[in-house]
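For reference, the structure is listed below as structure tokens.
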Amino acid sequence: MKRFVVQEAGQRLDVYLAEQLECTRSHVRILIDNGYILIDGQKVKAGYTLKVGQAIEVTEPEPVVAEIIPQDIDFGIIYEDDQIAVINKPQGLTVHPAGGSYTDTLVNGLMSRISDLSSINGIIRPGIVHRLDKDTSGVMVIAKTNDAHTKLSADIADRKFAKQYIALLEGVIKQNQGTITTNIARDPKDRKRMAVMSVGKQAITHYKVLKRFESHSLVGFDILTGRTHQIRVHAKHIGHPVVGDTIYGYKKQTIKGLKGQLLHAHKLGFRHPTSGKQVEFEAELPKHFSVIEKLALR
């Protein structure tokens with residue numbers, strides 16, 4: 001544990017500690033939010049204004065987070081070095097434990113196949129910088145060190161990640177491309193769903209039609225923000241929900257036998273946390289997208 005006594009009043013907590021700890025403000029904010037930083041024994045917010053004589057206690061989380069059982073989970077590793085791993089998450093795989101279920105998740109698989117994972121997000125989300133929905137497949141970056149996690153999280157917050165998705169949508173979209181800009185918030189009628197609302201956080205989605213079929217459209221998406229269920233909510237908003245989406249899509253699906261929505265995280269671009277160089281990784285369309293081959297024959 002590290003202890004600091006404030007000598008000068010008026011400075012923000014996160015600004016002060018970023019200088020003292022020689023780290024980024026985003027890393028400090030993560031520590032504050034997870035209760036690792038206390039002032040005079042009390043938890044405060046990152047923007048708290050310091051007073052002379054206050055004692056700041058900082059407890060860094062332990063790097064070893066082995067309370068989740070490692071399991072042999074099927075997922076592809078696209079790239080790996082000592083700071084990050086880039087993986088291809090299959091459809092149907094939950095990213096991390098939740099709701100009392102601590103097995104059969106991507107995290108269980110990560111702990112089995114990757115020796116080191118960042119500990120910033122605690123014992124049930126080691127290495128997890130961002131997420132994909134259970135039934136969304138595709139590319140994700142995993143942090144192996146706390147330093148990498150902090151830098152990647154900061155770039156996500158600053159919208160420096162390039163995220164490209166591909167989805168099969170219901171109906172034929174007339175426009176070749178466009179931008180959807182709305183606010184997204186929890187649906188007041190169903191807290192498990194998100195909805196386009198007058199309140200909430202801004203969500204920006206660019207789309208481009210890749211191919212049109214008789215009654216469907218294959219569409220590429222670039223998202224500038226990372227709101228929960230963003231593409232699925234925006235697709236519904238423009239009247240063309242994602243095929244196979246049982247939450248936001250048609251009650252009576254037009255394509256039978258699917259195990260989830262046809263939404264795939266195709267490309268991910270970001271700054272490497274060590275080299276600072278821009279890198280891009282790609283996950284090809286998985287087998288469950290083979291239904292588009294049948295649509296092309298109609």
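Only this structure's heavy atoms are used, side chains among them; waters, hydrogens and symmetry mates stay out.
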Atom CD1 in Ile292, atom NZ in Lys211: separation rounded to 0.5 Å?
7.0 Å

Qualifying side-chain hydrogen bond (donor to acceptor under 3.5 Å, both in side chains) pairs, either residue in residues 173-184, two or more places apart:
Asn176-Arg212, Thr179-His206, Thr182-His234

Inter- and intrachain pairs under salt bridge (charged side-chain N to carboxylate O under 4.0 Å, His left out), touching residues 35-53, at least two apart
none

Distance in Å, Glu57 CD paired with Tyr36 OH, rounded so as to fall on 0.5 Å steps
15.0 Å

Which residues share a salt bridge (Lys or Arg N to Asp or Glu O under 4.0 Å) with Arg29, sequence neighbours left out
Asp14

Looking at every non-hydrogen atom in both residues, tell me the closest pair between Gln83 and Pro273 and how far apart they are.
CB-CG, 4.4 Å

Using side-chain heavy atoms (C-beta onward) and a distance below 4.5 Å, is Ile69 in contact with Tyr102?
no

Those residues at least two apart in sequence (or on a different chain) that pass ring-ring contact (aromatic ring centres under 6.0 Å, His included) with Tyr16 are none

Would you check, one step at a time, whether the test side-chain contact (heavy atoms from CB on, under 4.5 Å) holds for Ser26 with Lys151?
CA-CA 8 Å; Ser26 60; Lys151 292 176 180 177; over 6 Å; no

Once rounded to the nearest 0.5 Å, what's the spacing between atom OG of Ser119 and atom NE2 of His149?
9.0 Å

The complete set of salt bridge (charged side-chain N to carboxylate O under 4.0 Å, His left out) pairs with one or both residues in residues 70-97, sequence neighbours excluded, reads Glu80-Lys144

Which value, rounded to the nearest 0.5 Å, describes the distance between Leu268 atom CG and Met140 atom CE?
9.5 Å

Measure across Phe289 and Leu168 and return the closest heavy-atom pair with its distance rounded to 0.1 Å.
CE2-N, 4.2 Å

I want to check something: taking the side chain as every heavy atom from C-beta on, are Ile56 and Ile37 in contact at a cut-off of under 4.5 Å?
yes

Under 3.5 Å donor-acceptor pairs involving side-chain atoms of residues 224-231, not counting sequence neighbours:
from, atom 1, to, atom 2, distance (Å)
Thr225, OG1, Ile204, N, 3.0
Thr225, OG1, Gln230, OE1, 2.8
Thr225, OG1, Gln230, NE2, 3.3
Arg227, NE, Gln202, O, 2.7
Arg227, NH2, Gln202, O, 3.1
His229, ND1, Tyr248, OH, 2.7
Gln230, OE1, Arg227, N, 3.1
Gln230, NE2, Ile204, O, 2.9
Gln230, NE2, Thr205, OG1, 2.8

Results of side chain to side chain contact (heavy atoms under 4.5 Å, CB included) for Ile156 - residues two or more places apart only:
Val129, His130, Phe161

Does any non-hydrogen side-chain atom of Lys2 lie less than 4.5 Å from one of Leu21?
yes

Donor-acceptor contact present, side-chain Asn121 to main-chain Ile128, <3.5 Å
yes

Same apolar cluster (I L V M F W Y, side chains within < 4.5 Å links), Val243/Tyr250
no

Beyond-backbone contact of Leu110 with Pro126, side-chain heavy atoms, under 4.5 angstrom:
no

Are the side chain of Ser217 and the backbone of Ile173 linked by a donor-acceptor contact shorter than 3.5 Å?
yes

Go through it in stages, so that I can follow the logic: the residues are Arg232 and Ile247, the test is side-chain contact (heavy atoms from CB on, under 4.5 Å), and I'd like the CA-CA distance, side-chain angles, deciding distance and then a yes or no.
CA-CA 9 Å; Arg232 298 164 64 190; Ile247 296 178; 3.7 Å; yes

Group every Ile, Leu, Val, Met, Phe, Trp and Tyr by side-chain heavy-atom contacts under 4.5 Å, then state whether Leu263 and Ile87 land in the same group.
yes

Pairing donors with acceptors under 3.5 angstrom, does anything connect the side chains of Gln71 and Ser112?
no

Do Leu258 and Val291 have side chains that get closer than 4.5 Å, going by heavy atoms?
yes

Can you confirm whether Val58 sits close enough to Met1 that some side-chain heavy atom of one is under 4.5 Å from a side-chain heavy atom of the other?
no

Under the side-chain contact (heavy atoms from CB on, under 4.5 Å) rule, what do Leu13 and Leu50 come out as? Steps first, then yes or no, please.
CA-CA 6 Å; Leu13 173 62; Leu50 297 172; 4.0 Å; yes

Would you please say whether a donor-acceptor pair under 3.5 Å links the side chains of His96 and Thr105?
no

With sequence neighbours left out, what residues match Asp135 under salt bridge (Lys or Arg N to Asp or Glu O under 4.0 Å)?
none

Under the salt bridge (charged side-chain N to carboxylate O under 4.0 Å, His left out) definition, can you give me all pairs with a residue in residues 251-264, not counting sequence neighbours?
none

Atom CD in Glu284, atom CD1 in Ile78: separation rounded to 0.5 Å?
9.5 Å

Restricting to non-hydrogen atoms, name the atom on Ser215 and the atom on Val172 that form the minimum distance, rounded to 0.1 Å.
CA-CG2, 4.0 Å

Quick one: do His27 and Asp147 satisfy side-chain contact (heavy atoms from CB on, under 4.5 Å)? Show the steps, please.
CA-CA 8 Å; His27 178 56; Asp147 181 62; over 6 Å; no

Below 4.5 Å, heavy atoms only, C-beta onward: do Ile77 and Arg113 meet side chain to side chain?
yes

Short side-chain donor-acceptor distance under 3.5 Å, Thr254 and His216
yes

Are Ser118 and Thr145 close enough that some pair of their side-chain heavy atoms sits under 4.5 Å apart?
no

Among all residues two or more places apart in sequence or in another chain, which pass the salt bridge (Lys or Arg N to Asp or Glu O under 4.0 Å) test with Asp222?
none

Is it the case that one hydrophobic cluster holds both Leu132 and Ile223, taking links as side-chain heavy atoms less than 4.5 Å apart, direct or via other members?
yes

If I take atom CE from residue Met111 and atom CG from residue Asp116, how far apart are they, to the nearest 0.5 angstrom?
10.5 Å

Main-chain N/O of Thr150 paired with Ser153 side-chain donor or acceptor, under 3.5 Å:
no

Residues which pass ring-ring contact (aromatic ring centres under 6.0 Å, His included) with Tyr79, listed by chain and number, not counting sequence neighbours:
Phe281

Heavy-atom nearest pair, Ala55 first then Arg3, reads CB-NH2, 3.3 Å

Looking at every heavy atom in both Ala9 and Val52, which two are closest together, and how far apart are they?
N-CG2, 3.5 Å

Over 12 foreign heavy atoms within 6.0 Å of CD, Glu19:
no

Is a donor from one side chain sitting under 3.5 angstrom from an acceptor on the other, for Gln11 and Tyr48?
no

Under 3.5 Å, is there a donor-acceptor pair between the side chain of Asn108 and the main chain of Pro70?
no

Arg131, CZ atom: more than 12 neighbouring heavy atoms under 6.0 Å
no

Going by the side-chain hydrogen bond (donor to acceptor under 3.5 Å, both in side chains) test, which pairs reach into residues 155-166, not counting sequence neighbours?
Asp155-Arg271

Tell me whether Gln253 contacts the main-chain N or O of Gly244 through its side chain, where contact means a donor paired with an acceptor under 3.5 Å.
yes

